[in-house]
2 protein chains.
Amino acid sequence: MSMDAVFKALADPSRRQLLDRLQARNGQTLASLCDGMEMSRQAVAKHLSQLEAANLVVVQWHGREKLHFLNPVPINEIAERWIGKYERHRVQALHDLKTKLEGNSDD
Amino acid sequence: MSMDAVFKALADPSRRQLLDRLQARNGQTLASLCDGMEMSRQAVAKHLSQLEAANLVVVQWHGREKLHFLNPVPINEIAERWIGKYERHRVQALHDLKTKLEGNSDD
DNA sequence: ACGATAGGCAACCATTTGGTTGCATGTCAA
DNA sequence: TTGACATGCAACCAAATGGTTGCCTATCGT
């Protein structure tokens with residue numbers, strides 16, 4: 001729910017890789033997500049639980065199998081609510097940069 | 001330059017706050033960025049240097065003053081290259097979620 | 001020239017983080 | 001029912017992280 005959890009979840013390359021793999025094939029089990037990852041099953045499980053906590057991954061139990069699904073909503077919210085805020089001022093910010101950096105030709 | 005550095009830089013709330021403050025008023029000094037932050041000057045300086053390393057902040061020396069400018073480019077790249085990738089499959093992913101979660105009405 | 005101002009560097013510290021191993025639990029299949 | 005499979009829980013560990021303090025350097029104003 002909190003945006004901070006989403007940012008922190010996205011900060012780790014292994015977790016982004018897990019999201020990538022879910023995007024490539026949605027609804028994978030923990031075991032399935034493990035192979036190719038150079039770490040123990042428990043390490044992967046910890047990463048997945050952080051992704052769950054950030055609501056980036058949603059889970060569906062099916063017997064003894066835990067299927068993991070990518071939830072694109074939080075990423076979309078970051079795009080719209082956070083990045084959008086910077087996007088609005090992007091041209092002005094770039095202008096500031098150019099002005100300040102080019103203004104002093106003696107550096 | 002690396003996208004990982006950008007993600008990690010964005011993972012800390014204090015650093016996001018610094019970006020917010022630069023967005024509100026671009027080209028501030030370290031001292032100026034310090035007040036309101038509940039930490040030492042050195043702590044803020046460390047955060048700023050991480051933002052610099054991620055190229056999210058660009059710096060311009062002016063005498064003894066170091067002016068900090070927001071660089072919107074890396075955020076924009078994340079929006080386009082990374083979030084865009086998920087955006088493309090967003091409808092499908094949401095469909096997957098709905099299907100799987102609604103399909104089992106007995107949970 | 002000198003004090004005050006703006007910032008940098010380095011050592012140190014506590015907590016968090018990413019990982020491990022060992023063991024326990026629940027479910028499927030023969 | 002029994003063994004194998006899929007996962008969870010907890011203790012533990014090393015390294016990274018976010019913060020501190022103390023001191024040093026450089027520049028501005030008087």
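Residue numbering restarts at 1 for every chain, and letters A, B, ... go by the order of the sequence lines.
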Novice: Measure from CG on A:Leu48 to P on C:dG18 and round the result to the nearest Å.
Specialist: 13 Å
Novice: Does A:Lys85 reach the side chain of B:Gln23, with side-chain heavy atoms less than 4.5 Å apart?
Specialist: yes
Novice: Just the rounded figure in Å: distance from C1' of C:dG18 to CG of A:Leu18.
Specialist: 13 Å
Novice: Would you kindly give the CG-to-C1' distance between A:Asp4 and C:dT17, to the nearest whole Å?
Specialist: 14 Å
Novice: Grab the CD-C1' distance between A:Gln50 and C:dT17 for me, whole Å please.
Specialist: 8 Å
Novice: Which residues satisfy the side-chain hydrogen bond (donor to acceptor under 3.5 Å, both in side chains) test with B:Arg15, sequence neighbours excluded?
Specialist: B:His47, B:Gln50
Novice: Are A:Trp61 and A:Leu67 close enough, and set up right, to give a side chain to side chain contact (heavy atoms under 4.5 Å, CB included), and what steps lead you there?
Specialist: CA-CA 6 Å; A:Trp61 279 97; A:Leu67 302 181; over 6 Å; no
Novice: Is the closest side-chain heavy-atom distance between A:Leu70 and A:Leu56 below 4.5 Å?
Specialist: no
Novice: Going by heavy atoms in the side chains, are A:Leu19 and B:Tyr86 under 4.5 Å from each other?
Specialist: yes
Novice: So if I take the C1' atoms of five pairs at each end of the helix from C:dA1-D:dT30 to C:dA30-D:dT1 and get each local axis, what angle do the two axes make, rounded to 10 degrees?
Specialist: 30°
Novice: Could you run down the sub-3.5 Å N/O contacts of the protein with nucleotides 26-30 of chain C?
Specialist:
{"from": "C:dT27", "atom 1": "O2", "to": "A:Arg64", "atom 2": "NH1", "distance (Å)": "3.1"}

Novice: Just the rounded figure in Å: distance from C1' of C:dG7 to CD of B:Glu65.
Specialist: 11 Å
Novice: Kindly determine whether B:Asn55 and B:Val73 satisfy side chain to side chain contact (heavy atoms under 4.5 Å, CB included), including the steps that lead there.
Specialist: CA-CA 8 Å; B:Asn55 203 30; B:Val73 173; 5.8 Å; no
Novice: Report the distance from atom NE2 of A:His47 to atom C1' of C:dT16, rounded to the nearest whole Å.
Specialist: 14 Å
Novice: Round to the nearest Å and state the distance from A:Leu51 atom CG to C:dT17 atom P.
Specialist: 14 Å
Novice: What residues in residues 27-42 of chain B put a non-hydrogen atom under 4.0 Å from any atom of DNA chain D?
Specialist: B:Met39, B:Ser40, B:Gln42
Novice: Just grab all the salt bridge (charged side-chain N to carboxylate O under 4.0 Å, His left out) pairs involving residues 61-75 of chain B, residues at least two apart or on different chains.
Specialist: B:Glu52-B:Lys66
Novice: Side chains of B:Ile78 and B:Val6, heavy atoms from C-beta outward: is any pair under 4.5 Å?
Specialist: yes
Novice: Just do the side chain to side chain contact (heavy atoms under 4.5 Å, CB included) check on A:His68 and A:Leu48 with the steps written out, would you?
Specialist: CA-CA 8 Å; A:His68 298 77; A:Leu48 286 172; 3.6 Å; yes
Novice: Side-chain donor-acceptor contacts of residues 31-40 of chain B below 3.5 Å, not counting sequence neighbours, with atom names and distances?
Specialist:
{"from": "B:Ser32", "atom 1": "OG", "to": "B:Arg25", "atom 2": "NH2", "distance (Å)": "3.3"}
{"from": "B:Ser32", "atom 1": "OG", "to": "B:Gln28", "atom 2": "OE1", "distance (Å)": "2.6"}
{"from": "B:Ser40", "atom 1": "OG", "to": "B:Ala43", "atom 2": "N", "distance (Å)": "3.2"}

Novice: Nearest of D:dG18, C:dG18, C:dG7 to any side-chain atom of B:Lys66?
Specialist: C:dG7
Novice: Indicate yes or no: at least one non-hydrogen side-chain atom of B:Leu51 is less than 4.5 angstrom from one of B:Leu18.
Specialist: yes
Novice: Give me, pair by pair, the N or O atoms of the protein and of nucleotides 12-15 of chain D that are less than 3.5 Å apart, along with how far apart they are.
Specialist:
none

Novice: Listed by chain and number, what are the side chain to side chain contact (heavy atoms under 4.5 Å, CB included) partners of B:Asp4, not counting sequence neighbours?
Specialist: A:Pro13, A:Arg16, B:Ser2, B:Lys8
Novice: Whole angstrom is fine here: how far is it from NZ in B:Lys8 over to C1' in D:dT17?
Specialist: 11 Å
Novice: Answer whether the closest heavy-atom distance between the side chains of A:Phe7 and B:Phe7 falls below 4.5 Å.
Specialist: no
Novice: Could you list the residues that satisfy salt bridge (charged side-chain N to carboxylate O under 4.0 Å, His left out) with B:Glu87, not counting sequence neighbours?
Specialist: B:Arg90
